[in-house]
Amino acid sequence: QVQLVESGGGSVQAGGSQTLSCAGSGDGLSKYVMGWFRQAPGKERERVALMSTTFGRTYYADFVKGRFTISQDNAKNTLYLQMNSLKPEDTAMYYCAACRSSWIICGDFDSRRFTWGQGTQVTVSS
């Protein structure tokens with residue numbers, strides 16, 4: 001079973017950039033559909049981006065397209081989320097997650113299919 005630890009969160013001004021990292025241990029992230037999710041206070045957890053090096057697929061939520069980039073370094077067993085042009089509405093707890101199933105099944109976003117990290121807080125001030 002993979003274990004995930006996020007890092008890189010913090011406070012940033014609107015328009016700025018930030019890079020989140022998710023270090024995996026116990027198993028190779030290349031075996032999983034990997035994703036970043038976020039949850040703001042009082043809101044439901046939402047998908048931000050997904051990727052799979054096995055299936056060669058990526059997914060971005062409309063609200064981050066053109067601003068965020070998901071990537072993975074299998075040699076370092078680490079997932080990244082490069083966030084540019086940050087907005088105050090991007091403020092949330094960001095979670096890394098791993099799903100060991102097909103792209104379609106993982107894309108249904110049944111949280112029970114995912115292994116979760118502990119999260120890292122991103123705060124964007126205006």
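The shown structure was predicted, so the numbers you read here are calculated from the model rather than taken from an experiment. Sequence positions, counted from 1, serve as the residue numbers for this chain.
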Could you list the residues that satisfy side-chain contact (heavy atoms from CB on, under 4.5 Å) with [X], not counting sequence neighbours?
X      : answer
Glu44  : none
Ala23  : Thr78
Ser101 : Cys99, Ile105, Cys106

By salt bridge (Lys or Arg N to Asp or Glu O under 4.0 Å), which residues pair with [X], not counting sequence neighbours?
X      : answer
Lys87  : none
Glu89  : none
Lys43  : none
Asp108 : none

(message) Within this structure, what is the CD-CD distance for the pair Gln121 and Gln39, rounded to the nearest 0.5 Å?
(response) 11.0 Å
(message) With rounding to the nearest 0.5 angstrom, report the CD to OG1 distance, Gln72 to Thr58.
(response) 12.0 Å
(request) Tell me who clusters with Trp116, hydrophobic residues only, linked when side chains sit under 4.5 Å apart either directly or through other members. (result) Val33, Phe37, Leu50, Phe55, Tyr59, Met93, Tyr95, Trp103, Phe109, Phe114
(message) Connecting only ILVMFWY residues whose side-chain heavy atoms lie within less than 4.5 Å of each other, what is the rest of Leu86's hydrophobic cluster?
(response) Val2, Leu4, Val12, Leu20, Leu29, Tyr32, Met34, Trp36, Val48, Met51, Tyr60, Phe63, Val64, Phe68, Ile70, Leu79, Leu81, Met83, Tyr94, Val122, Val124
(request) With sequence neighbours excluded, give me every side chain to side chain donor-acceptor pair (under 3.5 Å) pair touching residues 9-19. (result) Ser17-Asn84, Thr19-Gln82
(request) Flag the pair Arg38 / Glu46 as yes when at least one side-chain heavy-atom distance between them is below 4.5 Å, and no otherwise. (result) yes
(request) Not counting sequence neighbours, which residues clear side-chain hydrogen bond (donor to acceptor under 3.5 Å, both in side chains) with Asn77? List them please. (result) none
(message) Tell me if a side-chain donor or acceptor on Arg47 pairs with a main-chain N or O of Gly35 at a distance below 3.5 Å.
(response) no
(message) Quick check: closest heavy atoms across Ala40 and Ala92, and the distance to 0.1 Å?
(response) N-CB, 3.9 Å
(request) Not counting sequence neighbours, list each pair that qualifies as a disulfide (SG to SG under 2.5 Å) and has a residue in residues 1-97. (result) Cys22-Cys96
